[in-house]
K.L.:
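My questions all concern the structure below.
FYI, side chains are in, hydrogens and waters are out, and symmetry mates aren't considered; it's all heavy atoms of this structure.
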Amino acid sequence: MDFSKYPLDKLLHIIAAVIPGFIALWVYQVAVPGAFRWFWSFGSLGYRTKVALVLVVALLAGTTLNTLVNMLLGGIGGAIGGARNHAGTRPETAPWRDPAWRAALSKILPAPPKDTPFLFPRMYELRKQQVLDSVPPEGQRLVLLKLEAERLQSVREDMDWERWYQHYHLAVLRPSEADAVFYVQRGLQFNLETASLYVLASVAFVPGVRHWWCVAPAVFWAAALVATEWKGVVEALNHWSTLDRQITYLTELARAANKAAAAPAV
């Protein structure tokens with residue numbers, strides 16, 4: 001079976017959402033004993049219908065909890081990324097200025113950005129000072145305007161390269177769509193982590209949950225969530241970590257495109 005044809009990442013997250021959903025129902029039952037007794041004693045519904053309804057409710061509850069956790073993690077990740085990447089600042093060294101990477105990217109883009117050297121701030125200030133020292137006052141304004149236009153153009157081109165680098169940086173960090181083992185593991189793990197957060201949050205309000213056999217697994221999976229997300233943030237923010245992999249990936253894309261172009265039409 002070709003697993004690449006199936007959206008396993010979404011499918012397993014949805015199906016496995018019954019895990020935090022059942023945990024939420026169980027915590028509610030512990031907090032309000034007998035809360036569902038009326039449902040099971042409802043005579044007009046068959047046993048299978050009741051089980052199906054419980055599964056649907058658990059699935060909806062679990063999906064809601066997963067959505068809330070994803071929103072929380074996304075907000076934290078966005079705050080970390082925003083704090084690190086201040087607007088208006090350009091790094092002194094950057095992997096998207098690597099000549100080999102730019103050459104590999106240029107082979108797959110129909111119109112790549114201009115490959116001009118980046119005008120570093122120190123070089124800009126040096127050239128600006130040279131204008132002030134060597135150009136007559138009446139001609140300085142025009143020369144300085146040209147220099148500023150060159151600086152702005154350099155920043156725009158550098159940002160274009162950076163955007164492409166970020167695109168393929170995230171692309172090589174994603175697992176293969178055919179990696180079924182990863183999606184099965186991640187789908188189950190994330191739902192267990194969501195359930196653990198719900199249990200830990202319930203400890204403060206539901207005394208019946210305050211048992212070691214409830215808290216210990218919840219702490220373990222919550223720690224696993226923190227470790228997994230922290231690893232993902234570190235990898236996403238460390239742009240240098242994928243430079244070599246991107247060059248290999250882009251080279252393979254260019255080779256595949258050349259083969260497809262050279263193949264005879266059927």
Side-chain angles (χ1 to χ4, degrees), residues 70-174 226 229-262:
N70 273 319
M71 291 174 61
L72 176 63
L73 295 176
I76 294 175
I80 294 175
R84 177 157 181 175
N85 301 310
H86 297 288
T89 62
R90 308 300 299 161
E92 285 292 314
T93 59
W96 54 85
R97 299 183 190 129
D98 181 82
W101 177 83
R102 288 193 175 188
L105 179 65
S106 298
K107 292 179 181 179
I108 67 170
L109 293 182
K114 292 183 179 179
D115 189 10
T116 54
F118 179 63
L119 183 58
F120 292 97
R122 61 181 182 277
M123 181 59 67
Y124 169 77
E125 293 298 331
L126 179 61
R127 290 177 58 181
K128 181 178 179 181
Q129 188 61 45
Q130 290 176 343
V131 171
L132 296 176
D133 293 339
S134 60
V135 178
E138 60 274 12
Q140 289 180 359
R141 183 173 181 275
L142 180 60
V143 177
L144 290 175
L145 285 175
K146 291 182 178 179
L147 180 60
E148 178 64 14
E150 181 182 347
R151 185 189 71 82
L152 293 176
Q153 180 66 23
S154 175
V155 170
R156 283 194 295 268
E157 291 175 3
D158 194 61
M159 292 178 67
D160 288 339
W161 288 109
E162 181 185 7
R163 279 191 288 269
W164 280 112
Y165 189 92
Q166 180 67 12
H167 171 77
Y168 287 106
H169 173 70
L170 297 177
V172 299
L173 288 176
R174 296 191 199 103
V226 173
E229 295 302 320
W230 178 255
K231 179 176 179 291
V233 169
V234 170
E235 287 182 340
L237 294 180
N238 183 13
H239 290 159
W240 288 95
S241 65
T242 61
L243 176 59
D244 292 336
R245 280 185 285 173
Q246 283 196 53
I247 294 174
T248 302
Y249 179 72
L250 292 170
T251 303
E252 292 175 351
L253 286 181
R255 187 179 297 116
N258 291 335
K259 280 187 178 180

K.L.:
Looking only at heavy atoms, what is the nearest atom pair of I108 and Y168, with distance?
P.N.:
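Taking I108 first and Y168 second, the nearest heavy atoms are CD1-OH, 3.3 Å.
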
K.L.:
Can a donor-acceptor pair be found, under 3.5 Å and without considering hydrogens, that links the side chain of N258 to the backbone of A254?
P.N.:
yes

K.L.:
Any chance you could measure E157, atom CD, to T116, atom OG1, to the nearest 0.5 Å?
P.N.:
3.5 Å

K.L.:
For W161, does the CH2 atom have more than 12 heavy-atom neighbours from other residues, nucleotides or ligands under 6.0 Å away?
P.N.:
yes

K.L.:
Do R122 and F120 form a cation-pi contact, if we require the NZ or CZ to be under 6.0 Å from the six-membered ring centre and within 45 degrees of the ring's axis?
P.N.:
yes

K.L.:
Just how far is it from atom CG of L119 to atom CZ of R127, taken to the nearest 0.5 Å?
P.N.:
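It comes to 6.0 Å.
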
K.L.:
Measure the OG1-CG distance between T242 and L173 for me, rounded to the nearest 0.5 Å.
P.N.:
6.0 Å

K.L.:
Is there a side-chain contact between K107 and L253 (heavy atoms, below 4.5 Å)?
P.N.:
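When only atoms from C-beta onward are counted, L253 and K107 do not touch, as no gap falls below 4.5 Å.
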
K.L.:
Look up atom CD in Q166 and atom CE in M159, then write down how far apart they are to the nearest 0.5 Å.
P.N.:
12.5 Å

K.L.:
Does W240, at its CH2 atom, have more than 12 non-hydrogen atoms belonging to other residues, nucleotides or ligands within less than 6.0 Å?
P.N.:
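Atom CH2 in W240 is packed in, count exceeds 12.
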
K.L.:
Sequence neighbours left out, cut at 3.5 Å: what donor-acceptor pairs do the side chains of residues 94-105 make with other protein atoms?
P.N.:
residue : atom : partner : partner atom : Å
W96     : NE1  : D158    : OD1          : 3.2
W96     : NE1  : D158    : OD2          : 3.3
R97     : NE   : D158    : OD1          : 2.9
R97     : NH1  : P91     : O            : 3.0
R97     : NH1  : E92     : O            : 3.1
R97     : NH2  : P91     : O            : 3.1
R97     : NH2  : D158    : OD2          : 3.0
D98     : OD2  : A100    : N            : 3.1
D98     : OD2  : W101    : N            : 3.0
W101    : NE1  : Q246    : OE1          : 3.0
R102    : NE   : W96     : O            : 2.9
R102    : NH1  : D115    : OD1          : 2.8

K.L.:
Looking only at heavy atoms, what is the nearest atom pair of N238 and S241, with distance?
P.N.:
O-OG, 2.7 Å

K.L.:
Distance from E235 atom CD to L170 atom CG, nearest 0.5 Å?
P.N.:
11.0 Å

K.L.:
Got a list of side-chain donor-acceptor pairs under 3.5 Å for residues 135-148, not counting sequence neighbours?
P.N.:
residue : atom : partner : partner atom : Å
Q140    : NE2  : L132    : O            : 3.2
Q140    : NE2  : V135    : O            : 2.9
E148    : OE1  : Y124    : OH           : 2.7
E148    : OE1  : R151    : NE           : 3.2
E148    : OE2  : R151    : NE           : 3.4
E148    : OE2  : R151    : NH2          : 2.7

K.L.:
Output the distance between atom CE (M123) and atom OG (S154), rounded to the nearest 0.5 Å.
P.N.:
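Output value for this atom pair is 11.5 Å.
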
K.L.:
Please confirm whether the backbone N or O of R163 pairs with a side-chain atom of H169, one donor and one acceptor, at under 3.5 Å?
P.N.:
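No, because the side chain of H169 does not come within donor-acceptor range (under 3.5 Å) of the backbone of R163.
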
K.L.:
Which pairs with one or both residues in residues 130-155 pass ring pair (Phe, Tyr, Trp, His ring centres under 6.0 Å), sequence neighbours excluded?
P.N.:
none

K.L.:
Return the minimal non-hydrogen interatomic distance between S134 and Q130, and the atom names on each side.
P.N.:
OG-O, 2.6 Å

K.L.:
When you measure from the side chain of T251 to the backbone of I247, do you find a donor-acceptor pair of N or O atoms at a distance under 3.5 Å?
P.N.:
yes

